[in-house]
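Heads up, the thing below is written out as structure tokens.
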Amino acid sequence: MASTPIASKIIPKAARAPIDPAQIEYTSDRQRNAVEALVNEFTIHPQLLQDIKTKFIEGMNKGLKKDGETMAMVTSYVMGRLDGSEVGSYLALDVGGTNLRVVAVHLTGGGEITTRQTKYRIDEKLKVGDAKALFDFMAVCVDSFLDEHQITVRGDTQFELGFTFSFPVLQTSINRGTLISWTKGFNAAGMVGKDPVAYLQDAFNRRHIPVRVAALVNDTVGTLLAHAYNHPDTCMGVILGTGCNAAYIEKIENIAKWKGDASAKEMIINMEFGAFDKEREILPLTMFDNKMDRKSVNPNKQILEKMIAGMYLGEITRNVLLNLIDRRLLFEGNISPDLNQMWTFETAYMSTIEADGSPTLHATRKILESTLNFPSTTMNDRQIVKLIVELVGKRAARLSAAAIAGVLEHTGDWKQKAAIGIDGSLFEYYPSFNTDIMDGLEEVFGPTVRQNVSIGLAQDGSGVGAALCALLAAKHSPN
Ligand code: BGC
């Protein structure tokens with residue numbers, strides 16, 4: 001049984017090896033001008049970062065007033081805080097990233113947790129097929145996990161399961177809600193407006209799998225809870241991975257739309273911030289973003305998410321590269337059939353290219369020539385590719401900073417000791433994402449924010465957090 005450390009970690013990733021645009025030996029003035037125009041378009045200058053943050057706070061306030069606003073600001077029904085002493089055994093099912101995961105979580109108190117987990121790949125066809133088939137698949141995965149780990153229940157008791165379903169869901173109780181929209185490439189038919197818990201519970205019941213869905217959790221809420229289990233001053237949980245979003249603790253008196261339990265003092269809000277600026281009023285969208293958006297399964301939606309999240313950054317970069325190639329400003333106008341295909345420029349390649357500090361840009365060359373099959377590349381080609389990757393990556397990190405700063409300013413948490421737990425592949429593996437975020441926060445709040453606010457990797461927030469949520473659900477409404 002592996003022990004899962006939830007504590008903030010030193011992030012084991014490379015730093016960005018930045019390229020100095022002045023060092024690039026351009027092949028023509030046209031090339032130089034084109035690159036300079038891109039630098040302009042993709043740079044989030046300090047004033048723009050501030051303006052985005054201000055607009056973001058306006059969006060938060062709107063969403064706290066009523067349902068149906070661009071940022072949904074979903075009331076999660078999670079009201080209690082954790083102190084690390086909680087004990088119990090729960091199952092967690094995590095759906096909403098690249099893989100589906102089933103986790104058995106054992107909370108032993110004192111902030112200690114042990115977990116066992118298995119990942120299952122969700123077929124692309126299932127993501128956009130029939131909803132019932134998707135939920136049946138989830139139930140089958142849980143069943144085979146119980147078999148594989150020989151986990152059984154006594155008599156007619158049931159496992160309590162925390163269901164991390166990381167899509168915009170309007171919650172109506174701790175284990176009820178309706179799907180507002182699909183995101184991140186999922187689009188299973190007929191689910192919008194329906195309760196994902198009802199679908200999952202039905203799939204378990206039809207198979208006689210002894211599991212009760214005790215809590216419906218967004219991954220950001222789970223991340224906040226998981227981080228809080230051993231950092232009690234946690235004020236936010238953030239996901240920067242395939243998708244992006246955050247949850248934070250809000251005072252009940254600030255949630256004008258809340259009609260529930262008035263005795264509660266605070267509640268975790270799932271912001272659904274990826275939807276910010278659907279109106280396209282402030283985000284500096286480029287034609288490369290728009291091209292990607294049009295071809296996505298959810299055009300015109302999740303505009304901020306599409307500028308930040310790992311699912312999209314590679315495709316934006318690919319669009320920029322194709323444009324330069326078509327203007328004969330890169331690779332002498334030669335294209336590779338691989339790069340012609342959508343989604344072939346993976347965000348993971350960007351991480352490698354960002355970290356490539358070798359004199360000949362060797363790692364960048366390998367990706368372009370061996371993976372993407374360009375017959376040959378020049379140093380100039382590789383430098384420009386690296387610069388573009390850096391522009392797209394840094395823009396994502398600075399937009400994340402603007403959003404996090406918006407929350408910290410709204411709550412005032414930046415003025416005191418506060419921890420932010422962040423999970424997701426982008427934060428974990430993308431070079432310098434964390435430093436870019438911290439630099440952005442400093443731009444907004446000044447140097448004190450570095451002493452007060454810590455941002456740390458909250459690994460496995462979705463699994464452990466779902467278990468913690470199931471525990472809180474049982475504590476607050478035993479049934
Ligand atoms: C979803 C959020 C989720 C985020 C990170 C977004 O696409 O709408 O609910 O928290 O991805 O997984």
Side-chain angles (χ1 to χ4, degrees), residues 59-60 63 69-78 92-101 122 127-128 162-171 177-188 191-192 195-197 215-227 236-248 268-278 292-293 296-313 315 347 396 399-400 403-404 407 420-428 430 433 457-466 469:
M60 289 175 69
E69 292 291 337
T70 302
M71 271 206 270
M73 305 296 282
V74 178
T75 46
S76 68
Y77 288 76
V78 179
L93 169 64
D94 175 18
V95 181
T98 310
N99 297 305
L100 173 158
R101 285 184 321 139
I122 310 181
K127 291 185 183 171
V128 294
F163 180 24
T164 308
F165 184 71
S166 302
F167 300 96
V169 170
L170 185 65
Q171 283 202 230
T178 52
L179 180 67
I180 301 172
S181 61
W182 285 112
T183 60
K184 295 176 288 197
F186 282 75
N187 206 7
M191 257 319 279
V192 171
D195 181 359
V197 174
L216 173 63
V217 196
N218 186 263
D219 50 359
T220 56
V221 176
T223 297
L224 195 161
L225 290 173
H227 206 60
M236 268 182 97
V238 183
I239 300 287
L240 298 170
T242 310
C244 68
N245 185 17
Y248 73 102
I268 299 180
I269 296 285
N270 160 23
M271 305 177 70
E272 289 299 334
F273 82 45
F276 172 68
D277 203 31
K278 188 177 76 186
M292 176 272 293
D293 177 41
S296 67
V297 298
N298 55 348
N300 268 314
K301 294 200 174 123
Q302 300 295 103
I303 296 299
L304 178 59
E305 174 164 80
K306 285 175 179 157
M307 296 174 91
I308 292 181
M311 176 158 179
Y312 306 102
L313 297 187
E315 183 62 9
T347 304
L399 289 172
S400 312
I404 294 172
V407 178
I420 301 179
I422 310 189
D423 198 1
S425 47
L426 207 54
F427 185 74
E428 191 169 2
Y430 201 94
F433 219 79
L457 182 64
Q459 241 175 355
D460 194 23
S462 329
V464 173
C469 198

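Note that these values count all heavy atoms, side chains included, but never hydrogens, waters or copies made by symmetry. Read the numbers this way: they start at 1 and go in the same order the structure lists the ligands and their atoms. All values derive from a computational prediction rather than experimental measurement.
Between Met73 and Tyr248 there is a side-chain heavy-atom pair separated by less than 4.5 Å.
In terms of heavy-atom proximity, Ser166 sits nearest to Thr183 at O-OG1, 4.4 Å.
Taking a 6.0 Å sphere around NZ of Lys278, one finds it holds 12 or fewer heavy atoms contributed by other residues, nucleotides or ligands.
In this model, a donor atom of one side chain and an acceptor atom of the other lie less than 3.5 Å apart for Lys306 and Ser296.
Nearest-heavy-atom check against atom 5 (C) of ligand 1 across Asp423, Asn298, Asp219, Asp94 picks out Asp219.
With hydrogens left out, the protein atom closest to atom 1 (C) of ligand 1 is Ser166 O, 3.4 Å, a heavy atom. Looking only at heavy atoms of the protein, atom 8 (O) of ligand 1 is closest to Glu272 OE1, 2.7 Å.
A donor-acceptor pair under 3.5 Å is formed between the side chain of Ser76 and the backbone N or O of Ile268.
At least one heavy atom of Pro168 sits closer than 4.0 Å to an atom of ligand 1.
Under 4.0 Å from ligand 1, the heavy atoms of Cys244 that appear belong solely to its backbone.
Screening Asp94, Leu216, Thr223 for a side-chain contact (heavy atoms from CB on, under 4.5 Å) involving Thr164 leaves a single residue, Asp94.
Taking every heavy atom of Thr183 and a limit of under 4.0 angstrom, the matching atoms of ligand 1 come to 1 (C), 6 (C), 7 (O), 8 (O). Within ligand 1, counting atoms from 1 as listed, the ones closer than 4.0 Å to a heavy atom of Thr220 are 10 (O). Applying the 4.0 Å criterion to heavy atoms of Ile239 picks out, from ligand 1, the atoms 5 (C), 12 (O). Listed by number with element, the atoms of ligand 1 under 4.0 angstrom from any heavy atom of Asn245 are 2 (C), 3 (C), 4 (C), 9 (O), 10 (O). Within the listing of ligand 1, atoms 5 (C), 11 (O) sit less than 4.0 angstrom from a heavy atom of Gly243.
Under the 30°/60° scheme for interplanar angles, the aromatic rings of Trp182 and Phe186 are found to lie parallel.
The shortest N/O to N/O separation between Asn218 and ligand 1 falls below 3.5 Å. For ligand 1, the polar-atom distance check against Glu305 finds a nitrogen or oxygen pair separated by under 3.5 Å.
Note that CD1 of Ile422 is 8.5 Å distant from NE2 of His227, once rounded to the nearest 0.5 Å.
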